[in-house]
There are 2 protein chains.
Amino acid sequence: MIAEILATGDEIRTGALVDSNSAHIAEALERCGVAVKRHQCVGDDLADLVPVIEEISRRADVAVVTGGLGPTVDDRSAEAAAQAGNVPLTPDTRALEDIRRFFEERGRPNSPSNQKQAMLPQGSDVLYNPVGTAPGFGIKIHRCTFFFLPGVPFEMKRMLADQVLPRIEKMQRGKRRYHLLRTLSSFGLPESMVGEKVDGVTREFPQITLGLRAKFPEIQVKLYLSTSDEPAGQALLSEAARWVADRLGDHIFSCEGRPMAEEVGRLLTARKATLAVAESCTGGLIGHWLTNSPGSSHYFNLSAVTYHNQAKNDVLGVQEQTLIDHGAVSEETARQMAQGARRAGRSTYAVATTGIAGPDGGTEEKPVGTVCIAVATPQQTLSHRLRFNFGKRLMNKRMFAMAALNMLRLELQKPEDTIS
Amino acid sequence: MIAEILATGDEIRTGALVDSNSAHIAEALERCGVAVKRHQCVGDDLADLVPVIEEISRRADVAVVTGGLGPTVDDRSAEAAAQAGNVPLTPDTRALEDIRRFFEERGRPNSPSNQKQAMLPQGSDVLYNPVGTAPGFGIKIHRCTFFFLPGVPFEMKRMLADQVLPRIEKMQRGKRRYHLLRTLSSFGLPESMVGEKVDGVTREFPQITLGLRAKFPEIQVKLYLSTSDEPAGQALLSEAARWVADRLGDHIFSCEGRPMAEEVGRLLTARKATLAVAESCTGGLIGHWLTNSPGSSHYFNLSAVTYHNQAKNDVLGVQEQTLIDHGAVSEETARQMAQGARRAGRSTYAVATTGIAGPDGGTEEKPVGTVCIAVATPQQTLSHRLRFNFGKRLMNKRMFAMAALNMLRLELQKPEDTIS
């Protein structure tokens with residue numbers, strides 16, 4: 001079964017927006033055993049949309065189209081599908097009712113432009129939208145079954161998983177292959193070095209394909225396997241994942257594709273410990289990452305984002321003399337920040353960052369990209385001074401935050417009774 | 001002049017990698033006045049590559065192709081171009097020499113597979129690679145001038161800017177058109193309502209095209225104009241932007257596409273004021289957003305992310321009795337958090353958030369999505385209780401953080417002497 005993907009919209013066409021939907025859909029389709037042959041993107045113009053839908057309708061068995069289902073005049077996907085399929089647009093009663101209820105529940109007025117969203121190509125298989133106002137639809141044109149979905153990523157993902165993938169699995173009837181994937185997340189080695197350490201995996205396990213993906217600042221090792229026997233495939237992937245984990249040792253922080261902050265939360269929970277954070281250069285990013293995990297309130301007590309030196313002194317008790325003698329960006333300051341956060345947050349552990357994210361503020365001795373991180377445990381305080389520079393403030397912040405969480409992770413991974 | 005973009009490679013085709021190159025290229029071409037009609041992606045298979053190159057060669061005037069120029073067997077772009085253009089591959093002497101020197105300078109062995117990279121379609125315009133081993137090339141096939149570039153983003157970007165864009169500008173010889181764009185950022189109205197309020201802009205200014213983009217949780221209004229007279233076009237866009245800003249009033253927070261946190265920083269700087277933040281449910285996100293702007297250390301003093309109630313009391317002085325009587329998620333707590341942050345951060349203003357991001361922790365009285373925000377000024381403390389629920393923790397956090405910054409922005413936008 002051959003699949004194609006079409007992203008629509010002037011924002012993607014002109015490059016104002018990077019299309020991440022198509023990669024998500026491609027990955028999902030490949031996992032269902034459908035080969036994705038081509039992705040395309042065109043703008044909101046009917047004169048471009050109709051011909052591309054017609055082309056796909058003669059080349060592919062299944063296609064997923066995103067975008068252009070919104071309430072505004074530049075949302076033309078339903079109209080384009082109707083023209084390509086040579087059917088009229090008709091209002092769908094249940095979609096109209098869904099839209100009415102969506103606005104009623106939110107106490108917002110239902111507008112005529114939203115009702116336009118319920119105008120769908122006649123005879124289409126309506127895909128109701130549980131999380132937004134734009135319904136999607138399925139429609140067969142020539143040899144191809146099209147699924148039209150909204151462009152808003154979380155609406156698209158939900159409808160793809162709940163409504164489109166089950167329909168595609170049904171279309172495959174027993175001819176199904178499983179495209180399995182295992183993701184290992186590493187931190188601390190450049191991509192080329194990760195590649196050199198693990199590329200032997202395809203000699204050891206010839207059925208497996210290796211992919212490396214830089215998801216800054218982590219490097220993910222992806223193991224792909226296409227098989228008709230799912231349990232045997234999963235067992236083989238587990239064996240290959242252990243092989244990779246052995247090669248990369250401590251650099252692997254998750255064998256399940258979990259984010260670093262979630263992994264730290266898991267380790268804290270396992271030892272019934274709590275955490276406080278003191279942030280300067282990371283500006284709140286560590287707290288933000290930690291609190292993206294549901295349940296983080298069980299172990300995360302406090303992050304003191306002490307951007308101003310006075311706040312480092314007032315809130316964390318960093319000594320003025322330390323700031324004068326060593327500067328805000330120093331291991332001494334980082335250590336006092338971690339100790340102060342541990343005290344102020346009444347926590348088992350604390351981690352602290354202080355550094356220069358740039359673009360300005362660097363000196364010869366402490367250039368942009370310098371960061372000092374410290375971890376305070378019940379037994380001791382550890383610190384490091386590191387230097388990165390990715391030329392972008394946000395990238396430096398991300399690298400600083402990951403380095404700090406990673407230092408804490410390595411400490412938490414030690415068996416409890418060996419901690420000095 | 002019509003352009004198309006083609007990304008090649010199995011990693012993009014299967015969704016293992018998000019293609020951000022095409023958006024970068026589209027934006028660069030549009031800025032040069034070239035209309036991008038279509039992006040595509042196919043894998044590494046010659047049977048897919050050759051036909052897609054042929055299709056483009058009959059439809060577009062110029063095309064940029066990325067990927068498939070590396071040293072391995074699955075890098076087939078040069079071969080595909082040669083087949084589509086019906087010419088043989090021949091070695092390029094200077095490219096061979098560049099590759100030899102690249103390895104010599106890095107003390108790495110030069111392998112035969114790298115020499116394959118110097119095999120280019122006969123008669124092509126070689127684009128030497130100053131930062132890697134893969135040379136690119138230009139080749140005319142039918143009506144279209146193709147530029148083949150490496151897929152590694154930093155190599156692609158450098159070669160596009162230095163070698164491809166100047167060639168495209170030369171091809172346009174005076175026929176250049178300017179594709180202008182103005183972005184207005186709004187917050188607080190749903191997309192459909194924004195659309196209804198502003199869609200009259202295209203009646204008032206028929207040359208302008210309107211686009212709406214939901215960049216959650218903001219809604220951007222985009223005004224596009226294609227013209228050969230740049231100054232007149234900019235003046236018209238300014239007039240249209242004023243028209244839109246009048247319709248949306250206070251909901252517009254930037255007419256230059258600036259993020260909310262940067263806008264708040266601009267307003268603080270204008271009145272030489274400083275800011276402290278107290279965050280509970282936003283977990284550090286407000287601090288993170290504020291510190292993404294270079295120079296934020298001039299006005300941002302502190303964010304106290306007091307996730308645990310004890311920390312609200314210890315660090316911000318929220319009274320235990322308030323937490324008992326009203327709960328952590330209450331306007332009373334938010335007000336004391338803001339006042340405490342203003343004091344602890346020795347700041348002119350403070351903003352505070354406390355709420356329930358979900359998925360758990362909601363009650364009948366305070367369901368998931370409830371947030372209380374407060375702003376403390378030198379004169380008074382204001383507070384609101386709001387309710388959102390986007391079904392996703394991260395989306396709720398973003399909405400809470402934006403609502404809090406927006407409340408502060410509206411306060412900062414009042415003329416200084418009218419603040420009560």
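Here is how names work: the chains are called A, B, and so on, in the same order as the sequence lines, proteins then strands, and each is numbered from 1. Worth saying up front: this structure is predicted, and the values here are computed from it rather than measured.
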Review point. Contact part of Arg343(A) toward chain B, heavy-atom cut-off under 4.5 Å: side chain, backbone, both or neither?
Key: neither
Study note, to complete from the structure: Comparing Val36(B), Asp45(B), Val194(B) against chain A, the one with the most heavy-atom pairs below 4.5 Å turns out to be Val36(B)
Check your understanding: Please, which pairs that meet salt bridge (Lys or Arg N to Asp or Glu O under 4.0 Å) have at least one residue in residues 303-314 of chain B, sequence neighbours excluded?
Key -> Arg346(A)-Asp314(B)
Exercise for review: Flag the one option from Ala26(A), Gly132(A), Gly283(A) with the top tally of heavy-atom pairs under 4.5 Å to chain B.
Suggested key: Gly283(A)
Study note, to complete from the structure: Under 4.5 Å to a heavy atom of chain B? For Glu105(A) that would be neither
Practice item. Decide yes or no on side-chain contact (heavy atoms from CB on, under 4.5 Å) for Arg393(B) and Ser296(A), but give the supporting numbers first. Key: CA-CA 12 Å; Arg393(B) 186 175 173 83; Ser296(A) 43; 3.4 Å; yes
Point to revise | Heavy-atom proximity to chain B below 4.5 Å, by part of Thr282(A) | key: backbone
Point to revise | Atom pair NE2 (His298(B)) and OH (Tyr307(A)), whose distance is rounded to the nearest 0.5 Å | key: 10.5 Å
**Study point:** Which portion of Tyr224(B) sits near chain A, non-hydrogen atoms under 4.5 angstrom
**Key:** side chain
**Study point:** From CG (Asp10(A)) to OG1 (Thr209(B)), nearest 0.5 Å
**Key:** 8.0 Å
**Study point:** Top of Ala311(B), Ala7(B), Ala16(B) for chain A proximity - count of heavy-atom pairs under 4.5 angstrom
**Key:** Ala16(B)
Review point. Do Asp19(B) and Asp19(A) touch side chain to side chain, with heavy atoms closer than 4.5 Å?
Key: no
Point to revise | Residue Ile5(A) versus chain B: region with a heavy atom under 4.5 Å | key: neither
Practice item. Go through the steps for Asn292(B) and Lys397(A) under the test side-chain contact (heavy atoms from CB on, under 4.5 Å), then give the verdict. Key: CA-CA 9 Å; Asn292(B) 281 345; Lys397(A) 281 176 71 180; 2.7 Å; yes
Check your understanding: Under a 4.5 Å heavy-atom cut-off, does chain A meet the side chain of Val42(B), its backbone, both or neither?
Key -> both
Point to revise | Selection from Lys215(A), Gln117(A), Glu55(A) maximising heavy-atom pairs under 4.5 Å formed with chain B | key: Glu55(A)
Point to revise | Max heavy-atom pair count under 4.5 Å with chain B, selected residue of Ser297(A), Ala304(A), Gly211(A) | key: Ser297(A)
Study note, to complete from the structure: From the list Arg213(B), Met193(B), His308(B), Glu30(B), the residue making the most non-hydrogen contacts under 4.5 Å with chain A is Arg213(B)
Point to revise | Lys392(B) NZ to Phe154(A) CZ distance, which is reported to the nearest 0.5 Å | key: 8.0 Å
**Study point:** Proximal component of Gln220(B), with respect to chain A [non-hydrogen, under 4.5 Å]
**Key:** neither
Exercise for review: Could you list the residues that satisfy salt bridge (Lys or Arg N to Asp or Glu O under 4.0 Å) with Glu27(A), not counting sequence neighbours?
Suggested key: Lys222(A)
Practice item. Could you please spell out the steps behind the side-chain contact (heavy atoms from CB on, under 4.5 Å) verdict for Phe216(B) and Val152(A)? Key: CA-CA 9 Å; Phe216(B) 185 86; Val152(A) 179; over 6 Å; no
Check your understanding: If you count heavy-atom pairs under 4.5 Å between each of Ala401(B), Ser293(B), Gly295(B) and chain A, which one has the most?
Key -> Ser293(B)
Point to revise | Largest heavy-atom contact set with chain A, pairs under 4.5 Å, which of Gly358(B), Cys41(B), Gly284(B) | key: Cys41(B)
Exercise for review: Heavy-atom pairs under 4.5 Å with chain B are the metric here; pick the option from Val131(A), Val52(A), Leu29(A), Asp360(A) that has the most.
Suggested key: Val52(A)
Point to revise | Which atoms of Ser20(B) approach chain A - backbone, side chain, both or neither, heavy atom under 4.5 Å | key: both
Review point. Which class fits the ring pair His288(B) and His288(A): parallel under 30°, tilted 30 to 60°, perpendicular over 60°?
Key: parallel
Review point. Which heavy-atom pair separates Leu210(B) from Asp74(A) by the least distance, and what is that distance?
Key: O-OD2, 3.5 Å
Exercise for review: Just give me the residue among Asn309(B), Leu17(B), Val277(B), Leu212(B) that pairs up with chain A most often, heavy atom to heavy atom, under 4.5 Å.
Suggested key: Leu212(B)
Revision key, fill the gap. Interatomic distance, CD@Gln40(A) vs CG@Leu6(B), rounded to 0.5 Å, equals 10.0 Å
Check your understanding: Between Lys37(B) and Asp48(A), does at least one N-O distance fall below 4.0 Å, as a salt bridge requires?
Key -> yes
Practice item. Quick one: do Asp199(B) and Thr72(A) satisfy side-chain contact (heavy atoms from CB on, under 4.5 Å)? Show the steps, please. Key: CA-CA 9 Å; Asp199(B) 64 7; Thr72(A) 64; over 6 Å; no
Review point. Tell me, side chain or backbone of Ala214(B) under 4.5 Å from chain A's heavy atoms, or both, or neither?
Key: neither
Practice item. Without swapping roles, check the side chain of His39(B) against the backbone of Arg13(A) for a donor-acceptor pair under 3.5 Å. Key: yes
Check your understanding: Between Leu302(A), Asn301(A), Val18(A), which has the largest tally of heavy atom pairs under 4.5 Å with chain B?
Key -> Asn301(A)
